[in-house]
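Step one of this worksheet: look at the structure below.
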Number of protein chains: 2
Amino acid sequence: MHNPQEIRSRLARFREELKRSGVKATHQRLEIFREVIGSDEHPGVETVYRGVRRRIPSVSLDTVYRTLWLLLQRGLIDTLGPSHNRVRFDGNVRPHHHFICRRCGRVFDFTSRAFDELAVPSEVKAWGSVERAHVELKGVCGRCREKKNDPFLKNKS
Amino acid sequence: MHNPQEIRSRLARFREELKRSGVKATHQRLEIFREVIGSDEHPGVETVYRGVRRRIPSVSLDTVYRTLWLLLQRGLIDTLGPSHNRVRFDGNVRPHHHFICRRCGRVFDFTSRAFDELAVPSEVKAWGSVERAHVELKGVCGRCREKKNDPFLKNKS
DNA sequence: TTTCTTGCAAATTCTTTGCAGATTA
DNA sequence: TAATCTGCAAAGAATTTGCAAGAAA
């Protein structure tokens, strides 16, 4: 995402969101956020770290980690797949879809005729062969919505 | 997936697929595969390991890792999100979708009006509040399809 | 100020590898 | 038997944590 106008407006909303939740808008947080929204490459932690270091050479890797989780918790950025680190497997090869809680990482399966019937855009066919299609819905599950102020608990399954 | 009939037929296809690619159908591989397809919980490596140990107490964690990657390469099982270990972030909050190569882990973004307009099933609304929806298409990208016999290279971004 | 954050370094946790003995085809 | 696998143990990555010094409100 490279539109300067849009970036500016997201940075403004970012400051507000931090203020609202009583979290400080530090230089590091601003730059880490800017780095992620400015990239189209779905960067990993290490990549974000390298990018931010160009502007803040003294930034530490653990601050990058802490900040990314914070942004994720606040819903300011997203992850590919479930948010937690470990790989998780799915042995179900029949068509099905997922609802993923971004707080606890729980994954709910569901089926939907409408979702199964999606046509693959020709743009995508040019990139490679598509073998599976899943819809991934993300949000916060009922259980997590209740216990609002809990620490970001890591899913262990 | 608990239908015994279906499990049997998948195990049979599993043996064939292994034979076809000149890979041995060992006891461990059978049981690891069975464990994954028999679970609805999108298990992590550790969970699969614990499950398999109930039947093969001497199995080692590294065999579980090696086997899961093997099954994944062969397309016999799937992962949630991109297959490689590291978390990857996405700062793009505008509606968009992904095509993910299951070999190299590259992720291509695309937009699609039809995909954006999917209605959230009421079943899902009962589980929690949905904030984002992405379609995830998975397959093998053009680049990876060429170099067929390359080792499973890990994406580093 | 007062409270929250950072950077450092050390600790964990997760994943991969080399190799000799065990197993499959 | 020949070619692959497995288990072990040790290495290598990735991620998290405690704490004193530093920065924001």
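Every chain is numbered from 1, with letters handed out A, B, ... down the list of sequences. In this text the structure is predicted, and so the values were computed from the model without any measurement.
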Handout entry: Spacing of B/L68 atom CG relative to C/dT16 atom P, expressed in whole Å
Key = 10 Å

Exercise for the section: Report the C-alpha separation of B/E131 and A/R102 in whole Å, then their side-chain angles, then the decisive distance to 0.1 Å, and conclude whether the salt bridge (Lys or Arg N to Asp or Glu O under 4.0 Å) test is met. Expected result: CA-CA 10 Å; B/E131 296 166 353; A/R102 70 173 162 79; 2.7 Å; yes

Problem - OP1 or OP2 of C/dT16 under 4.0 Å from side-chain N/O of B/W69 - result: yes

Problem - Euclidean distance, atom OH of residue A/Y65 to atom C1' of C/dT5 [Å, nearest integer] - result: 19 Å

Practice task
Output the distance between atom OH (B/Y65) and atom OG (B/S60), rounded to the nearest 0.5 Å.
Solution key: 11.5 Å

Practice task
Any chance you could measure B/R20, atom CZ, to B/R74, atom CZ, to the nearest 0.5 Å?
Solution key: 10.0 Å

Problem - Separation of C/dC14 C1' from B/D62 CG (nearest whole Å) - result: 13 Å

Handout entry: Residue A/R86, side-chain heavy atoms: nucleotide from D/dG7, C/dC14, C/dT6 that is nearest
Key = C/dC14

Practice task
Can you tell me the distance, in whole Å, between the CG atom of A/L61 and the P atom of C/dC8?
Solution key: 11 Å

Handout entry: Nucleic acid contacts of residues 20-31 of chain B, taken as heavy-atom distances under 4.0 Å to DNA chain D
Key = B/V23, B/K24, B/T26, B/Q28, B/R29

Practice task
Measure the CG-CD distance between B/L30 and B/Q28 for me, rounded to the nearest 0.5 Å.
Solution key: 9.5 Å

Practice task
May I have the distance from B/K19 (atom NZ) to D/dC5 (atom C1'), rounded to whole angstrom?
Solution key: 17 Å

Exercise for the section: Nearest whole angstrom, please: distance from the C1' of C/dT6 to the CG of A/L70. Expected result: 13 Å

Practice task
Quick one: do A/E41 and B/R88 satisfy salt bridge (Lys or Arg N to Asp or Glu O under 4.0 Å)? Show the steps, please.
Solution key: CA-CA 9 Å; A/E41 300 161 62; B/R88 293 173 62 184; over 6 Å; no

Exercise for the section: Please state how far atom OH in B/Y49 lies from atom C1' in D/dT6, giving the value in whole angstrom units. Expected result: 13 Å

Practice task
Please confirm whether the backbone N or O of A/C101 pairs with a side-chain atom of A/R106, one donor and one acceptor, at under 3.5 Å?
Solution key: no

Problem - Given C/dT15, C/dT6, D/dG7, the nucleotide with the shortest approach to the side chain of A/T63 - result: C/dT6

Practice task
Find the distance B/R66:CZ to C/dC14:P and express it as a whole number of Å.
Solution key: 19 Å

Practice task
Report yes if some heavy atom in the side chain of A/V52 is under 4.5 Å from a heavy atom in the side chain of A/R34; otherwise report no.
Solution key: no

